[in-house]
Amino acid sequence: MHRGFRIPRYALPAVAACLLSIQAFGATSGLTVNGSAKIFTGPGGGPVILLTPAQQSQAGSVFTTNSIVFDSTYTFATFFQFKMTDPGYYGASDGMTFVLQTQGASAIAANGGDLGYAGITPSVAVEFDTWQNPFDINDNHVAILTNGQMNDLDPRTPYGVTNCQPSTGVFGCMSNGDTWSVWIDYDGTNLRVAIADNSTTRPADLMSYPIDIPSILGQSSAFVGFTAGTGAGFENHVIANWKFH
């Protein structure tokens, strides 16, 4: 186990019957891990994904080993929980993404502000960014990304909280060490994202972004998963309780 990494406990809310779940995969079956990513057994006996340890210059990704087949509209809903913990001396960075992509199960990109995602194409991603690079609005934002490009589409700030360096213990900062819950839904027209700090009650949507996912991906199936990156600053990027249906 990486120094400074503690497997967290998560409270799992009820969700609808799902197409896949991290719990159903066991330790590694059905998921492909790349770069710095690891899968651990959590306190409750289920798997927990560590995308990056709290170390400098790391990049990790985890994707479904087999592509998920969608209907013609790509409608889906996903729920997961994350923790970003143990920030480095230079700050909590850089963040993580939830991704649908057609490149393959082993897709991964560079560390730092590339979030292990830049260059993965075709793809659609939702980023959870904890470091302000020149192309970012602040150090605590959620945005849509497409085709491996890091220019944020419709960036939004959870709870309106910025200046999250240092962030430990600060409510509303995604890198504060709390358990965050995320709901992402696509109805064939709009990609909706809701996010809650230390709660499993879904709040109002943080964003609802019109996007044609089938046209971007160009096929009726995709590999689904996560990426993350650290730079001079760092943090653990941890995923648990992932459901996708």
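From a predicted model like this one, the values you see are computed outputs, not experimental measurements.
- V142 places a side-chain heavy atom less than 4.5 Å from the side chain of P158.
- Between the side chains of T65 and T32, at least one donor-acceptor pair of N or O atoms lies under 3.5 Å.
- Between the CG atom of L115 and the CG atom of D129 there is a distance of 5.5 Å, given to the nearest 0.5 Å.
- Looking only at side-chain heavy atoms (C-beta outward), S36 and P53 come within less than 4.5 Å of each other.
- Remark: side-chain polar atoms of N198 are not paired, donor with acceptor, to backbone N or O of D178 under 3.5 angstrom.
- Residues Y186 and Y74 place their aromatic rings such that the two centres sit no closer than 6.0 Å.
- Side-chain contact annotation: T130 with E235, donor-acceptor N/O pair under 3.5 Å present.
- Ring orientation note: the planes of F70 and F244 are nearly perpendicular, at an angle over 60° on the 30°/60° scale.
- Going from atom CD1 of I211 over to atom OG1 of T146 covers 6.0 Å, rounded to the nearest 0.5 Å.
- With sequence neighbours excluded, the residues forming a side-chain contact (heavy atoms from CB on, under 4.5 Å) with I108 are N34, A59, S61, listed by chain and number.
- Side-chain atoms of N163 and D139 form no donor-acceptor pair, as typed in the model, at a separation below 3.5 Å.
- Contact check for K83 versus W180: no side-chain heavy atoms found under the 4.5 Å cut-off.
- Of the inter-residue distances, the one linking S208 atom OG with D154 atom CG reads 8.5 Å to the nearest 0.5 angstrom.
- Using a 3.5 Å distance cut-off with no hydrogens or angles, the side chains of Q58 and H237 do not pair a donor with an acceptor.
- The residues D185 and R202 are annotated as salt-bridged, a charged nitrogen and a carboxylate oxygen being separated by less than 4.0 angstrom.
- Between the side chains of D71 and T73, at least one donor-acceptor pair of N or O atoms lies under 3.5 Å.
- Looking only at atom types and distance, the side chain of T227 has a donor-acceptor partner in the side chain of T97 under 3.5 Å away.
- For the pair S167 (side chain) and S175 (backbone), a donor-acceptor distance under 3.5 Å is present.
- Inter-residue side-chain proximity for N176 and M84 is flagged as unmet; no heavy-atom pair is nearer than 4.5 Å.
- Judged by distance alone, the side chain of S199 and the main-chain N or O of A196 form no donor-acceptor pair under 3.5 Å.
- Between the side chains of S181 and Q81, at least one donor N or O lies within less than 3.5 Å of an accepting N or O.
- N236 places a side-chain N or O within donor-acceptor distance of the main-chain N or O of A54, the cut-off being under 3.5 Å.
- In the model, T157 has a side-chain atom that pairs as donor or acceptor with a side-chain atom of N138 under 3.5 Å.
- Atom OH of Y209 is separated from atom CZ of R156 by 11.0 Å, given to the nearest 0.5 angstrom.
- Annotation for F171: atom CZ counts as buried by contact number, over 12 foreign heavy atoms lying within 6.0 Å.
- In this structure, the ring of F226 has its center less than 6.0 angstrom from the ring center of F80.
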